[in-house]
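Take a look at the following structure, please.
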Protein chains: 2
Amino acid sequence: MSTIKINVREKLLEAAGPVFSEKGFEKATVREICQKADVNLASVNYYFGDKEQLYLEVICLAKQMGVSRAPLPEWTENTPPEQKLEDWVVTLVRRMLGTGELSWSNHLIMREVLRPTQACEHLVQELFRPFVNIADKILLEILGDDVPDYRRMQCIFSIAAQCQFYRVSGGLVTLMLGQEEQKLHYNTEQIIEHILQFSLAAIKNLKHEYLSSEIESSSSLNRI
Amino acid sequence: MSTIKINVREKLLEAAGPVFSEKGFEKATVREICQKADVNLASVNYYFGDKEQLYLEVICLAKQMGVSRAPLPEWTENTPPEQKLEDWVVTLVRRMLGTGELSWSNHLIMREVLRPTQACEHLVQELFRPFVNIADKILLEILGDDVPDYRRMQCIFSIAAQCQFYRVSGGLVTLMLGQEEQKLHYNTEQIIEHILQFSLAAIKNLKHEYLSSEIESSSSLNRI
DNA sequence: GCTTGTTTAATACAATTGTTTAAAACGGTG
DNA sequence: CACCGTTTTAAACAATTGTATTAAACAAGC
């Protein structure tokens, strides 16, 4: 007797998430959402005013789920920065490539990244910028403060770009490789391992570059 | 007397390119295209059958323009592979981030990458796979054949990912950085330079990894 | 000049969209 | 039971879409 009467608002929010994520704002229809939520067609306008307001609330919901779904692990004072960076990348890839029941939130957030609306600014402030700031601190630990700020940000972008690639261009990757090749060498764990190794090498090289330019002559070990 | 009578077909193709690129297939309307082309509404169906056929022909046109717009430079036998890789990256970034009058073709192709339709398979075969094969040969020159094939492909994906990032998430980058910061350190040339340095360091490290694992024990079986 | 095939034009059509409306159903409260 | 505010329902509305239709304009050949 307690669950048969669920709030219509909640039913709408739950039903709208996957639909918006799959179809996008424009192609998603109020009729399909209401049908999936098993409520009357007029309910969206009754409870949310219009379709766009419903969308904004769904985005907010997706943001909360995205954080709680794949949280960063706890670190102690002497956790090495390389370990932190690995955790950070793992978390990012998990959030981006996560599959399963709740993956609609990832898709929806990615849609906002690819084609920002007014909701994206909210995501930047509440989700992206804090997450990037964490990576920035890690890189500061690894690189030291001789490397200028914008160079760290470029590295963060390069890492995030690789994670994003497999989410965004997954269809292309499937078309480029055979499907058996993809299943062999492109599961989530191997993708993570490659991104980490690739990026860590580049970062370490950046550090050496600034080290050697500081010492100038004595260091003969610049890696390239 | 010669130019006042342009083919209606061509007018439609030229007008449809920017519209499809800006709005996407679904949101682009036949009415807007016909209005921009200054032809009658029924012309699309008369010359192309339906909207989708027009779209396919526009994609084909975009592919041709994309290649001719930013071609790869000519190489001689003794062009060093690092130079080739730089040319390759420069070409890819130019094709992806290219602005100006003809940039609608880039946008349109990127739309196909992000959400592949049947037209994408054509793009893979005619545009992406040949271009990736070139990079694969370059990396083979740099890395040698001790590095397995899929590792080269992972590197290519990582490079392409970084190029794609600034095209795909340009709006996000603008939101994350201040606009003045973006204009300072994120113009095309600096993006290219960073991607090159970042990726080349990672690739060289990969080479050293396989070199050392080869030398340290004569048996070549101890990869994992 | 008339005929014939091709192109252009204006309009109509059927389907789908978000939104509104007005009445019915519901749930307490006196 | 009667009343009243809230919620739900079915239907309608206005706008927009791709496409079809039908007739007019045109060009070319005889």
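Predicted model only: the values in this text are computed from it and were never measured. To find a chain, count down the sequence lines: A is the first, B the second, and so on, and within it residues start at 1.
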Query raised in the report: A:Asn40 has an atom CG; how far is it from atom P of D:dT9, in whole Å?
Result: 5 Å
Between the protein and nucleotides 22-28 of chain D, which nitrogen or oxygen pairs come in under 3.5 angstrom?
none

Report task. Please check if the side chain of A:Ser199 supplies one atom and the backbone of A:Leu196 the other of a donor-acceptor pair under 3.5 Å. Result -> no
Query raised in the report: For every nucleotide of nucleotides 12-22 of chain C, 5' to 3': is a protein heavy atom under 4.0 Å from its base (B), only from its sugar-phosphate (S), or from neither (-)?
Result: B----BBBBB-
**Report entry** Between C1' of D:dT7 and CZ of A:Arg9, the distance in whole Å
**Finding:** 14 Å
Report task. Evaluate whether atom CD of B:Gln190 has more than 12 neighbouring non-hydrogen atoms of other residues, nucleotides or ligands under 6.0 angstrom away. Result -> yes
Report task. Show your reasoning for whether side-chain contact (heavy atoms from CB on, under 4.5 Å) applies to B:His122 and B:Leu56. Result -> CA-CA 10 Å; B:His122 181 229; B:Leu56 291 180; over 6 Å; no
Requested in this report: Indicate yes or no for a side-chain donor-acceptor contact from A:Arg111 to the backbone of A:Ser21 under 3.5 Å, with no hydrogens or angles considered.
Outcome: yes
Query - B:Phe48 CZ to C:dT8 P, straight-line distance once rounded to whole Å - result: 12 Å
Query raised in the report: Can the positive tip of B:Arg115 be found less than 6.0 Å from the middle of the six-membered ring of B:Phe25, inside 45° of the ring normal?
Result: no
**Report entry** Result of checking A:Lys63, A:Lys51, A:Arg9 against A:Glu57 for salt bridge (Lys or Arg N to Asp or Glu O under 4.0 Å)
**Finding:** A:Arg9
Query raised in the report: Looking across every strand, which nucleic acid part, if any, lies under 4.0 Å from B:Tyr47 by heavy atom: base, sugar-phosphate, or nothing?
Result: sugar-phosphate
Requested in this report: Please confirm whether A:Trp104 and A:Phe20 have ring centers closer than 6.0 angstrom.
Outcome: no
Query raised in the report: Is the shortest side-chain N to carboxylate O distance from A:Lys84 to A:Asp87 below 4.0 Å?
Result: no
